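These notes are about the structure you will find just below.
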Number of protein chains: 2
Amino acid sequence: MWIKTTPRPREISQLPNSAIPVTLVSIKVACSQCSLRELCLSEGLSKEELAKLDGLVGTRRKLRRGQHLYRAGDPFEALYAVRTGFFKTDVLIEDGRDQVTGFQMTGEILGMDGISTEAHSCNAVALEDSEVCLIPFAQLEHLSREIKALQHNFNKVMSRELVRDQGLMMLLGTMRAEERLAAFLLNMSQRFTLRGYSPAEFHLRMTREEIGSYLGLKLETVSRAFSRFQEEGYIAVQQKHIRILDIEGLRQLLNHRNI
Amino acid sequence: MWIKTTPRPREISQLPNSAIPVTLVSIKVACSQCSLRELCLSEGLSKEELAKLDGLVGTRRKLRRGQHLYRAGDPFEALYAVRTGFFKTDVLIEDGRDQVTGFQMTGEILGMDGISTEAHSCNAVALEDSEVCLIPFAQLEHLSREIKALQHNFNKVMSRELVRDQGLMMLLGTMRAEERLAAFLLNMSQRFTLRGYSPAEFHLRMTREEIGSYLGLKLETVSRAFSRFQEEGYIAVQQKHIRILDIEGLRQLLNHRNI
DNA sequence: GAGTCGTTTTGATCCACATCAATACACACG
DNA sequence: CGTGTGTATTGATGTGGATCAAAACGACTC
């Protein structure tokens, strides 16, 4: 049984900021000082190159929970690196149907969908109070022609997104409900781990409906799968708070198609 | 009723080759002479820049129907531009499940999934005898640092792929079987049109099973939907040969969710 | 022209998830 | 502290597409 007093995992918004001294100079962001380097674009850059990237990533933007970072159709000008917070992207078509296409957390890059047509093709919404670094795209391209590593990093980020999409297609095309949710939880766990949080305990920022939309399921089905996982002892659920009790069990649920 | 003697649409393999004089010089391909410029990477490049791109796109590779262009896990070295023919990409997981993630035709670029990890994440198979242009990736990055338009074109191609994936997620996540097939047919029609073929009559290169895998359906469901479309007068089907009789009807089937 | 194999079509049945509906819970606000 | 609102859970029922099965068709070989 899940105990109410279990300490919550450290919230993203409580990320140690000590690495970013808030001086007049560094208010305009500094990739070189950013703790998210390895997830972002600045990996493998020399000091001088980092300084140039710092010059490019000019401003930050704060968003309140529920605010749009951009909307489908908005002119594309910049990419956004999530500094703190949590986002979802979604697409919607005329008849009202919509689909969440992704959840983005610290260190991940938003907006690449806009490059092809100079306009964004989806909406990006903050699921909690968040902050992003603005990366003017024309300048990024310019600097990428100068800095080989930056160019390569950016190509890798785009490609990583393509691979992620492949995985999601696989999920949507071939998996049953519980497999989808298991895959989702394992993915979340992995991403939290990468960011230094507990792999086993985290707080979901999205509703059951948003999870369902992302996984191609109805919210009731998501809720039932959560309950089922809890009954089976895989996880402990308390609303949006998740504790993974048997990560190996979840993995097996994914791999060994239990026909 | 469909008449057997209806002339088939011009096959891709019958593309006029006159634009590519087969001389000793041009055997090593020439983007500058390629009729697929606007689909590919060479749009907006000056004469000198085109010449440099020609130097990069060194060799072609011919594949017989059924041959793999690359397999998941293969080291990533180059991108491939489809010159003639038709490909599918698919992912498969341990337990035997697999999913077709895309069909690629003339002028489209394959292999971008490999950039992120230096290894391909999916398989690419020729669905008919085909020919690709080999684009060594390191050299493409090198030249992209020199040629602004090439860099931008490449970024656009990657981004276009991201947007395509979004559409596919939408399809897999929210559409019913007949909507999926309608979307598929309209997409095929549009892509054939772009290449100068009839929007209304074409030859599918893939099996029902491959269509099903791509659309997240079983082959029987695909077959039934085809039959249904024929009964309703939307299309005429004869095995892999498709004639669209009521393109507007198909569009409406997609947009106006007929609850 | 008979025989084989892969593909497609069509029918009968089943089941996973959607849908509909009611209740419970958490959180914000007067 | 009650009251409202959005979110989550749980139950009962319906259905779209999967599954199982068989037949038809086309392409290829001998």
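In this text, all values refer to a predicted model and were calculated from it rather than measured experimentally. Lettering follows sequence order; numbering is per chain, from 1.
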task = Mind calculating the distance between CD (A:Gln238) and C1' (D:dT9) to the nearest angstrom?
result = 12 Å
query = Taking CZ from B:Arg208 and P from D:dG26, how many angstroms apart are they, rounded to a whole number?
reply = 13 Å
Enumerate all atom pairs, one protein N or O and one N or O from nucleotides 22-24 of chain C, separated by less than 3.5 Å.
none

request  = Output all residues satisfying side-chain hydrogen bond (donor to acceptor under 3.5 Å, both in side chains) with A:Arg65, sequence neighbours left out; order by chain, then residue number.
outcome  = none
key: Residues which pass side-chain hydrogen bond (donor to acceptor under 3.5 Å, both in side chains) with B:Ser213, listed by chain and number, not counting sequence neighbours   = none
ask   = Does B:Arg61 have any side-chain hydrogen bond (donor to acceptor under 3.5 Å, both in side chains) partners at least two apart in sequence or in another chain, and if so, which?
value = none
message = Tell me the interatomic distance from B:Phe226, atom CZ, to C:dT7, atom P, rounded to whole angstroms.
response = 15 Å
inquiry  = So, using ring pair (Phe, Tyr, Trp, His ring centres under 6.0 Å) as the criterion, who are the partners of A:Phe87 when residues are at least two apart?
reply    = none
request  = Could you pull out all residues at least two apart from A:Phe226 that satisfy ring pair (Phe, Tyr, Trp, His ring centres under 6.0 Å)?
outcome  = none
task = List in chain and number order the residues that pass salt bridge (Lys or Arg N to Asp or Glu O under 4.0 Å) with B:Glu209, two or more places apart in sequence or in another chain; answer none if no residue qualifies.
result = none
remark   = Residues B:Ser130 and B:Gly85: closest non-hydrogen pair is OG-CA, 3.2 Å
Residues that B:Gln99 engages under side-chain hydrogen bond (donor to acceptor under 3.5 Å, both in side chains), provided they are two or more places apart = none
ask   = Ring centroid separation for A:Phe202 and A:Tyr197, is it under 6.0 angstrom?
value = no
inquiry  = Over the length of the helix from C:dG1-D:dC30 to C:dG30-D:dC1, how much do the five-pair end axes diverge, rounded to 10 degrees?
reply    = 30°
remark   = Here the distance between atom P of C:dT7 and atom CZ of B:Arg205, to the nearest Å, is 16 Å
inquiry  = I need a per-nucleotide contact map over nucleotides 10-18 of chain C, read 5' to 3'. Cutoff is protein heavy atoms under 4.0 Å; write B for the base, S for backbone only, - otherwise.
reply    = BBB---SSS
task = Let me know the distance between CG of B:Leu171 and P of D:dG17, rounded to the nearest Å.
result = 12 Å
query = Taking NE2 from A:His241 and C1' from C:dA26, how many angstroms apart are they, rounded to a whole number?
reply = 16 Å
ask   = So does A:Lys240 get a side-chain nitrogen or oxygen closer than 4.0 Å to the phosphate oxygens (OP1/OP2) of D:dA8?
value = yes
inquiry  = Just to verify, what does A:Lys88 make a salt bridge (Lys or Arg N to Asp or Glu O under 4.0 Å) with, not counting sequence neighbours?
reply    = A:Asp90, A:Glu210
message = Tell me every residue that passes salt bridge (Lys or Arg N to Asp or Glu O under 4.0 Å) with A:Arg191, counting only those two or more places apart in sequence or in another chain.
response = A:Glu108
inquiry  = What is the distance, to the nearest angstrom, from the CG atom on B:Leu215 to the P atom on D:dG16?
reply    = 19 Å
d(NE2, B:His203; C1', D:dA27) in whole Å = 12 Å
